[in-house]
Protein chains: 2
Amino acid sequence: MDIRQRFARNLRAAREAKALSQEALAYEAGLDRTYISSLERGRYYASLKAIEKIAKVLELDPADLLRKDDEGSRKQ
Amino acid sequence: MDIRQRFARNLRAAREAKALSQEALAYEAGLDRTYISSLERGRYYASLKAIEKIAKVLELDPADLLRKDDEGSRKQ
DNA sequence: TTGTGACTTGGAGTCCGTT
DNA sequence: CAACGGACTCCAAGTCACA
């Protein structure tokens with residue numbers, strides 16, 4: 001699976017878990033509304049800069065956004 | 001700590017653990033030697049595209065390259 | 001074997017909108 | 001609230017010569 005897709009799914013899941021809209025997340029992360037939308041659709045390879053900002057808002061470690069779905073349950 | 005630095009250190013450590021030169025890693029990942037050098041110096045925020053290629057060669061999960069030093073030992 | 005400055009180009013990321 | 005498009009800007013991507 002493409003890492004963009006993995007990231008996209010993790011991002012969407014984490015955002016919805018926080019009950020944030022794309023717009024609210026974008027605003028708090030200092031990114032663009034349409035960019036978050038694009039990321040969740042797997043359009044771009046995000047840079048660490050964007051990943052770091054997003055992870056901060058979602059209160060996650062950046063690595064969590066790259067993790068496979070079945071890896072979260074094994075951690076720690 | 002800046003995520004670029006975290007990534008840079010993990011990359012260098014993982015590469016040296018595999019006993020690969022920057023040149024050898026670059027070749028196998030289809031990247032330029034000086035680009036690997038730049039990443040290991042924390043010159044810029046790598047994109048998922050580059051991270052994915054590098055992780056593949058180093059036989060790691062991309063998330064491992066973003067992990068804090070003290071997190072690796074706790075995994076699994 | 002690696003670091004670095006200088007360079008060009010492609011894509012990350014923004015901003016406007018409509019559906 | 002989200003998907004999607006076009007037209008931008010700017011930095012990472014990628015290469016080179018040289019130390």
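Order of the sequence lines sets the chain letters (A, B, ...), proteins ahead of strands, with each chain counted from 1. Keep in mind it's a predicted model, so treat the numbers as computed, not measured.
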Legend entry - Side-chain (R4(A)) to main-chain (Y45(A)) donor-acceptor, under 3.5 angstrom: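 Not a single qualifying donor-acceptor pair exists.
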Inset, instruction - Using atom types as modelled and distance alone, determine if a side-chain donor or acceptor of R12(A) lies under 3.5 Å from a backbone N or O of A8(A). - result: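 Looks like no, no N/O pair under 3.5 Å.
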Inset, instruction - Check each residue of residues 47-54 of chain A for a non-hydrogen atom within less than 4.0 Å of any atom in DNA chain D, then write out the ones that pass by number, or none. - result: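 None, since no heavy atom is under 4.0 Å.
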Measuring to OP1 and OP2 of [N], would you say a side-chain N or O of [X] lies under 4.0 angstrom away?
X	N	result
S37(B)	dT2(C)	no
R15(A)	dA2(D)	yes
R12(B)	dG3(C)	yes

Inset, instruction - Give a yes or no on whether L20(A) and Y27(A) share a hydrophobic cluster (residues Ile, Leu, Val, Met, Phe, Trp, Tyr; joining criterion: side-chain heavy atoms under 4.5 Å apart). - result: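 Unlinked, L20(A) and Y27(A) end up in two clusters.
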To the nearest Å, how far apart are [X] [atom1] and [N] [atom2]?
X	N	atom1	atom2	result
I36(B)	dT4(C)	CD1	C1'	16 Å
E23(A)	dC16(C)	CD	P	13 Å
L39(A)	dC4(D)	CG	C1'	15 Å
L11(A)	dA2(D)	CG	C1'	13 Å
Y45(B)	dA12(D)	OH	C1'	12 Å

My understanding is that only residues two or more places apart in sequence, or in another chain, count here; which of them pass side-chain contact (heavy atoms from CB on, under 4.5 Å) with [X]?
X	answer
A13(A)	none
K56(A)	none
Q5(B)	M1(B), D2(B)

Legend entry - SB check R9(B) E40(B) (cutoff 4.0 Å):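 Answer for the salt bridge query: no.
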Inset, instruction - Enumerate the residue pairs fulfilling salt bridge (charged side-chain N to carboxylate O under 4.0 Å, His left out) with a member in residues 20-35 of chain A, sequence neighbours excluded, ordered by first and then second residue. - result: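 Found none.
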Might you list the N or O atoms of the protein lying below 3.5 Å from N or O atoms in nucleotides 15-19 of chain D, with each pair's distance?
{"from": "dC16(D)", "atom 1": "N4", "to": "T34(B)", "atom 2": "OG1", "distance (Å)": "3.3"}

Legend entry - For A14(A) against L58(A), the heavy-atom pair lying closest together: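 For A14(A) and L58(A), the tightest heavy-atom pair comes out as CB-CD1, 3.8 Å.
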